[in-house]
Amino acid sequence: MKSIVVANWKMNPQTMRDAKSLFEATRKAAESAKNVSIVIAPPSIFLRELATAYKGKKLAFAAQNAHFQKDGAYTGEISMHQVKDSKASAVIIGHAERRAMGETNEETRAKVNAALAQKLVPIFCVGEHKRSGSGEHFLFVKEQLRAGLQDVVPANISKLLVAYEPVWAIGASEAMSPRQMHEMAIFIRKSLVGMHGEKGLKAKILYGGSIDETNAREMVTEGDVQGLLIGRASTDVQRFPILIKTLA
Ligand code: PGA
């Protein structure tokens, strides 16, 4: 089965020139990797130039965030329509770093709806801050799913990607174990079936948080996920191609 890899560049690299080199390295890795499809999420200021210059089929592009309003007085924001017009096909919504800057569950709901209205794939991120023995993290994730996806009609559930990213594993030294991910993937599917009926089984689930070339393959083969959302390792021109190779 094909794995989906979302390369979340975050606020990197610092110049268009470096963005082009990183893009080139990613493109080469993508083109020799049969079973992997890569979605690059560059800073939005690089998005259009990279996406319009690329003529191949192996790569897709995503924005890291966009506003839910159609247009108007929202200084510093970009709209879903603008994302679509820049030739991106997806948008990350509810990333832990955006939530930490104040994005609410209610906003994620509006953004998911706005993205789907533009025929963009929402890459909808959920994940708890911490875990304790009592399993509260399951309820936390369930509430994020409910809040963000409540308006999505069952027929659209298979169009989105749910990225489970436990906040404690993002930018950390270690990823979550594939076994724990497996358990969470079952829980997420069960929650989606509860909300959207059988179509919930079709949602694609990604894992994110401290994935690199040493643990990517294991997470995909044992974690019951259809792909990965990768931060740091996706901006490393040496390591990212190796990571992709381990998946292909
Ligand atoms: P990381 O980030 O791979 O650097 O841990 C993942 C993410 O935040 O998407």
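Excluded from the calculations below are hydrogen atoms, water molecules and symmetry mates; all remaining heavy atoms, backbone and side chain alike, are included. In each ligand, atom 1 is the first atom listed, and ligand 1 is the first ligand listed.
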| task | Answer yes or no for Gly208: is there a heavy-atom contact with ligand 1 below 4.0 Å? | result | no

| message | Taking a cutoff of less than 4.0 Å between a non-hydrogen atom of the residue and any ligand atom, is Gly209 in contact with ligand 1? | response | yes

Do me a favour and list the nearest non-hydrogen protein atom to [atom] with residue, atom name and distance?
atom	answer
atom 4 (O) of ligand 1	Arg232 NE, 2.7 Å
atom 3 (O) of ligand 1	Gly231 N, 2.9 Å
atom 7 (C) of ligand 1	Glu165 OE2, 3.1 Å
atom 2 (O) of ligand 1	Lys10 NZ, 3.2 Å

In terms of atom number and element, which parts of ligand 1 are under 4.0 angstrom from non-hydrogen atoms of [X]?
X	value
Ser210	1 (P), 3 (O), 5 (O)
Leu229	9 (O)
Asn8	9 (O)
Gly171	1 (P), 5 (O)

| query | Is there a side chain to side chain donor-acceptor pair (under 3.5 Å) between Arg98 and Thr108 once you walk through the steps? | reply | CA-CA 10 Å; Arg98 303 288 326 167; Thr108 67; over 6 Å; no

| Ion pair check, Lys245 and Glu213, cut-off under 4.0 Å | no

| message | Tell me whether Lys10 is salt-bridged to Glu97, with the criterion being a basic N under 4.0 Å from an acidic carboxylate O. | response | yes

| query | Can Glu103 and Lys111 be said to form a salt bridge (Lys or Arg N to Asp or Glu O under 4.0 Å), step by step? | reply | CA-CA 10 Å; Glu103 185 163 293; Lys111 289 181 180 193; 2.6 Å; yes

| request: Please work out which of the three classes, parallel, tilted or perpendicular, describes the rings of Phe23 and Phe61, given edges at 30° and 60°. | output: parallel

| said: We want to know whether Arg99 and Asn105 form a side-chain donor-acceptor pair, criterion being a heavy-atom distance below 3.5 angstrom. | reply: yes

| message | For Glu128 and Tyr164, which I'm curious about, is there any donor-acceptor pair between the side chains at under 3.5 Å? | response | yes

